[in-house]
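Read the structure below first, then the notes.
Heads up: numbering here begins at 1 and tracks the sequence.
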Amino acid sequence: MTIRPVDFSGARAAGALQTLRNAAPLVHCLTNDVVQSFTANVLLALGASPAMVVDPIEAAQFASIADALLVNVGTLTHPQIDAIRAAVQAANLAGKPWVLDPVAVGGLTLRTDFCLELIKLTPAAIRGNASEIRALSGMTSTGRGVDSGDDSLSALPAAKRLAQQTGAIVAVTGEVDYVTDGERCLAVHGGHVLMTRVVGTGCSLSAVVAAFVALPGERLENVAAACRVMSCAGELACQQVRGPGSFIPAFLDNLYLLDGEALQ
């Protein structure tokens, strides 16, 4: 069966964003060392609450307290593997959703094998670029580290397969973002190429996905709303700046000021 993507509306994204601001979900971020500060600032700008609790014992305790957990394997180490395993187990026992960002999967053995282990542990959502999603689903990919060599549409069959295998909502991001539950697919337009010239926009998107999966309502639409919120804020910021140096403060400002009118 061929999935025909349906464009996701800004009105639905606006409703989800307001719900997030009212709920202020606490997001436990086990993310890479490069993007911790930026990720925390993105979540704060949107109205969520970030926490980076990385010790294996504390990570397990905190995962059961937080509203959602992010697992990002960008700078994976053996101690971090221990913390991730403990946190995912605790989140599952507590009924808390968790999100996987399989950074650079397919290119390096340790992270690839570990992510293949993790997807068996019922993630609520998986967010990656086209090459990462293709590799995680078992398809060939042409990624180079965090850079995707594939376009997002080419990874849509892989995203569908991965969603069916894991039960997760799978978001494959690129020029157009596609979000699928294995049967339905939403297409999220927007963004700007300048967003790829700043470290952390993809990783912070995964944290925002974690914040949105903590919300009530249909998870497919909530993940699509996370993608639209980030792409819209990036688009607006890029209209105001000259390059990547001025992008970050403008991006954070636009996340903070984002409203339903801008999203629509």
Side-chain angles (χ1 to χ4, degrees), residues 1-8 31-32 35 70-76 81 84 88 98-191 193 195-196 199-210 213 219-220 223-224 226-228 230-231:
M1 181 182 69
T2 300
I3 292 183
R4 297 187 182 279
V6 175
D7 287 348
F8 183 66
T31 191
N32 70 72
V35 302
L70 166 68
V71 170
N72 174 305
V73 299
T75 52
L76 191 66
I81 285 175
I84 290 170
V88 167
W98 67 277
V99 172
L100 174 64
D101 186 338
V103 179
V105 158
L108 296 166
T109 303
L110 177 65
R111 71 188 57 221
T112 300
D113 290 346
F114 184 50
C115 284
L116 289 172
E117 171 192 331
L118 287 175
I119 61 174
K120 299 175 184 177
L121 302 177
T122 61
I126 301 169
R127 200 293 310 172
N129 66 35
S131 294
E132 292 160 351
I133 297 300
R134 287 174 65 98
L136 200 56
S137 74
M139 295 178 66
T140 58
S141 66
T142 57
R144 186 183 62 176
V146 298
D147 296 325
S148 178
D150 305 286
D151 68 84
S152 53
L153 185 59
S154 76
L156 188 50
K160 174 188 173 183
R161 180 189 308 173
L162 191 58
Q164 292 173 338
Q165 289 173 344
T166 63
I169 303 299
V170 178
V172 52
T173 52
E175 187 173 348
V176 178
D177 299 337
Y178 296 101
V179 182
T180 181
D181 61 4
E183 299 297 332
R184 298 168 296 164
C185 179
L186 299 175
V188 183
H189 299 271
V193 68
M195 296 176 73
T196 66
V199 69
T201 52
C203 294
S204 60
L205 169 57
S206 295
V208 173
V209 168
V213 299
R219 187 162 283 169
L220 177 70
V223 173
C227 294
R228 180 57 192 144
M230 291 288 278
S231 67

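- Among residues two or more places apart in sequence or in another chain, the salt bridge (Lys or Arg N to Asp or Glu O under 4.0 Å) test is passed with Glu175 by none.
- Checked by atom type and distance alone, the side chain of Ser206 never pairs as donor or acceptor with a backbone atom of Asp101 at under 3.5 Å.
- Listed by chain and number, the residues in a side-chain hydrogen bond (donor to acceptor under 3.5 Å, both in side chains) with Ser137 amount to none (sequence neighbours excluded).
- Here Leu100 contributes atom CG and Leu118 contributes atom CG; the two are 6.0 Å apart, rounded to the nearest 0.5 Å.
- Rounding to the nearest 0.5 Å places CD1 of Ile126 at 7.0 Å from CH2 of Trp98.
- Remark: Thr196 OG1 to Asn129 CG distance equals 11.5 Å, nearest 0.5 Å.
- For the pair Gln164 and Gly182, the tightest heavy-atom approach, listed with the atom from each and the gap, is NE2-O, 3.0 Å.
- Under the side-chain hydrogen bond (donor to acceptor under 3.5 Å, both in side chains) criterion, Thr173 pairs with Arg127, sequence neighbours left out.
- Listed by chain and residue number, Val105, Leu116 satisfy the side-chain contact (heavy atoms from CB on, under 4.5 Å) test with Thr112 (two or more places apart in sequence, or in another chain).
- Legend: residues meeting side-chain hydrogen bond (donor to acceptor under 3.5 Å, both in side chains) with Ser204, ordered by chain and number and at least two apart, are absent.
- When all heavy atoms are compared, the tightest approach of Thr166 to Ile119 is CG2-O, 3.6 Å.
- Cys227 approaches Asp177 most closely through the heavy-atom pair CB-OD2, 3.6 Å.
- Across every non-hydrogen atom of Val208 and Met230, the tightest pair is CG2-SD, 3.8 Å.
- Rounding to the nearest 0.5 Å gives a distance of 8.0 Å between CG of Asn72 and CD1 of Ile84.
- Under the side-chain contact (heavy atoms from CB on, under 4.5 Å) criterion, Leu153 pairs with Asp151, Leu156, Tyr178, not counting sequence neighbours.
- Sorted by first and then second residue, the salt bridge (charged side-chain N to carboxylate O under 4.0 Å, His left out) pairs with a member in residues 103-118 read Arg85-Glu117; sequence neighbours excluded.
- Atom-to-atom distance recorded for Leu136:CG and Leu162:CG is 5.0 Å, nearest 0.5 angstrom.
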Between Leu76 and Leu108, does a side chain to side chain contact (heavy atoms under 4.5 Å, CB included) hold up when you go through it step by step? CA-CA 11 Å; Leu76 191 66; Leu108 296 166; over 6 Å; no
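- Applying the side-chain contact (heavy atoms from CB on, under 4.5 Å) test to Ala125 and every residue at least two apart in sequence or in another chain returns Val99, Ile169, Val209, Val213, Val223.
- Under the 4.5 Å side-chain criterion, counting only non-hydrogen atoms from C-beta, Ile81 is in contact with Phe114.
- For Ala135 against Gly106, the heavy-atom pair with the smallest separation is CB-CA, 3.7 Å.
- A donor-acceptor pair shorter than 3.5 Å can be found between the side chains of Arg228 and Ser231.
- Judged as a side-chain contact (heavy atoms from CB on, under 4.5 Å), and not counting sequence neighbours, the contacts of Val199 are Val34, Val35.
- The two residues Ala226 and Leu205 come nearest to each other via the heavy atoms O-CD1, 3.8 Å.
- Asp7 pairs by the side-chain hydrogen bond (donor to acceptor under 3.5 Å, both in side chains) definition with His189, not counting sequence neighbours.
- For the pair Ser152 (side chain) and Val176 (backbone), a donor-acceptor distance under 3.5 Å is present.
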